[in-house]
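Numbered from 1 within each chain, the chains take letters A, B, ... in sequence-line order.
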2 protein chains.
Amino acid sequence: METNQQAANVLDPDCPSRVVFQRIGDKWASLVIQVLANGPVRFSELRKMVHVVTPKVLTQTLRSLERDGLIRRKVYAQVPPRVDYTLTDLGLSLLAPLSQLREWAENNVPAIIDARDAYDELRDSELLEG
Amino acid sequence: METNQQAANVLDPDCPSRVVFQRIGDKWASLVIQVLANGPVRFSELRKMVHVVTPKVLTQTLRSLERDGLIRRKVYAQVPPRVDYTLTDLGLSLLAPLSQLREWAENNVPAIIDARDAYDELRDSELLEG
DNA sequence: CTGGTTGGTTTCCAAATGGATACTCAGTTT
DNA sequence: AAACTGAGTATCCATTTGGAAACCAACCAG
């Protein structure tokens with residue numbers, strides 16, 4: 001037993017919980033998940049809702065979410081093709097923690113912006129003075 | 001009023017709540033925050049706890065967290081120098097949503113890994129069959 | 001005056017990420 | 001026969017990120 005399951009320590013860079021933090025940080029992934037919260041959405045709709053991401057990048061995002069079992073891809077045998085994406089149960093269960101984070105963000109981003117402004121002004125004035 | 005404050009919509013890529021999701025996704029930032037949860041930690045300690053990140057990268061991480069008002073840098077006038085980092089109130093308030101996410105991760109990463117394995121095996125067999 | 005200590009900085013480089021643009025595929029309509 | 005769908009691919013390229021290795025600064029101990 002080399003790989004003992006040591007209560008999943010996030011501090012370990014090899015800890016698998018890192019994969020979740022990476023997903024969240026992905027530029028489009030968490031957006032897609034939140035868009036899918038209200039039911040299935042088609043590829044082209046997704047492109048619009050998520051503000052004109054290029055098809056390549058959207059496909060990449062969707063594929064990796066699908067690979068991780070967070071969304072499901074449904075293809076309808078039609079021409080022109082129709083494909084839509086839904087959250088799996090796993091994906092659905094991620095919505096709660098994601099909302100927590102989003103709520104925090106919406107409440108506290110002004111504070112972050114202020115902190116940035118203050119920080120940057122301080123650096124600027126330090127530069128002038130030497 | 002071009003920029004109406006439309007209840008901070010995460011779907012808008014210019015929405016400032018994106019900055020939070022970026023921070024989370026940063027390879028070291030959320031680790032550092034969780035390490036600092038139990039009180040101030042020195043630079044060199046951080047390097048060890050976070051598993052030998054190079055000093056350059058750690059400094060970058062710390063600086064951006066400081067700029068965002070999430071941590072505070074304290075310098076003690078000593079030789080050899082002593083510097084430690086603490087969470088600000090803002091940083092502390094981020095711990096709750098972060099823990100939610102971490103908990104979700106620790107519970108569900110096995111499912112993600114399984115999904116990945118299944119997905120990859122499927123692709124492999126498809127390749128063989130053509 | 002040499003070496004040790006802590007907390008960095010500098011330079012350089014490889015890999016990953018994101019995006020612009022053009023193209024494909026398979027039928028369907030005109 | 002040409003044009004039109006929707007859902008992608010294929011190429012190519014710019015930017016960003018992360019890291020390795022070496023260096024620096026201040027002071028103290030020997």
Practice problem: Could you tell me whether the side chain of B:D68 and the main chain of B:L70 form a donor-acceptor pair under 3.5 Å? | Solution: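 Side chain of B:D68 to backbone of B:L70, a donor-acceptor pair under 3.5 Å: no, none is there.
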
Self-check item: Donor-acceptor under 3.5 Å (A:T88 side chain, A:G69 main chain)
Solution: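 Confirmed, A:T88 side chain pairs with A:G69 backbone.
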
Nucleotide of [options] approaching [X] most closely (side-chain heavy atoms):
X: B:V53; options: D:dG19, C:dG7, D:dA7; value: D:dG19
X: B:V79; options: D:dA26, C:dG7, C:dG8; value: D:dA26
X: B:K56; options: C:dG8, C:dT11, C:dG7; value: C:dT11
X: B:R42; options: C:dT6, C:dG8, D:dT9; value: C:dT6
X: A:K27; options: C:dG19, D:dT9, C:dG7; value: C:dG19
X: A:R73; options: C:dG8, D:dG8, C:dG19; value: D:dG8
X: A:T59; options: D:dT9, C:dG7, D:dG19; value: D:dT9
X: B:D26; options: C:dG19, D:dG18, D:dA20; value: D:dG18

Quiz item: Does B:R47 count as lying over the ring of B:W28, i.e. NZ or CZ under 6.0 Å from the six-ring centre, within 45 degrees of the axis?
Solution: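 No, cation not above the ring by the 6.0 Å, 45° rule.
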
Practice problem: Determine, for B:Y119 and B:R123, whether the Lys NZ or Arg CZ falls below 6.0 Å from the six-membered ring centre while staying within 45 degrees of the axis. | Solution: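 Yes, a cation-pi geometry holds between B:R123 and B:Y119.
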
Quiz item: Looking at A:R42 and A:E45, does any basic side-chain N land under 4.0 Å from a carboxylate oxygen?
Solution: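 No, no charged N to carboxylate O under 4.0 Å.
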
Could you tell me whether [X] contacts a base, only the sugar-phosphate backbone, or nothing, with contacts defined as non-hydrogen atoms closer than 4.0 Å?
X: B:Y76; answer: nothing
X: B:R63; answer: sugar-phosphate
X: B:V57; answer: base

If I take atom [atom1] in residue [X] and atom [atom2] in nucleotide [N], what distance separates them, rounded to the nearest angstrom?
X: A:Q60; N: C:dT17; atom1: CD; atom2: C1'; answer: 8 Å
X: A:K48; N: D:dG8; atom1: NZ; atom2: P; answer: 14 Å
X: A:R82; N: C:dC25; atom1: CZ; atom2: P; answer: 24 Å
X: A:R18; N: D:dG18; atom1: CZ; atom2: C1'; answer: 12 Å
X: A:Y85; N: D:dA7; atom1: OH; atom2: P; answer: 8 Å
X: A:L62; N: D:dG6; atom1: CG; atom2: P; answer: 17 Å
X: A:L58; N: D:dG8; atom1: CG; atom2: P; answer: 8 Å
X: B:Q78; N: C:dG7; atom1: CD; atom2: C1'; answer: 12 Å

Quiz item: Looking only at side-chain N and O atoms, does B:S44 come under 4.0 Å of OP1 or OP2 in C:dG7?
Solution: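 It does, given that an N or O in the side chain of B:S44 lies less than 4.0 Å from OP1 or OP2 of C:dG7.
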
Quiz item: Nearest nucleotide by nearest heavy atom, which residue falls closer to the 5' end of DNA chain D, A:P80 or B:G25?
Solution: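 Its nucleotide being nearer the 5' end, the pick is A:P80.
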
Quiz prompt | Among A:L46, A:D84, A:T86, side-chain contact (heavy atoms from CB on, under 4.5 Å) partner for A:L36 | solution =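 Exactly one pass, corresponding to A:L46.
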
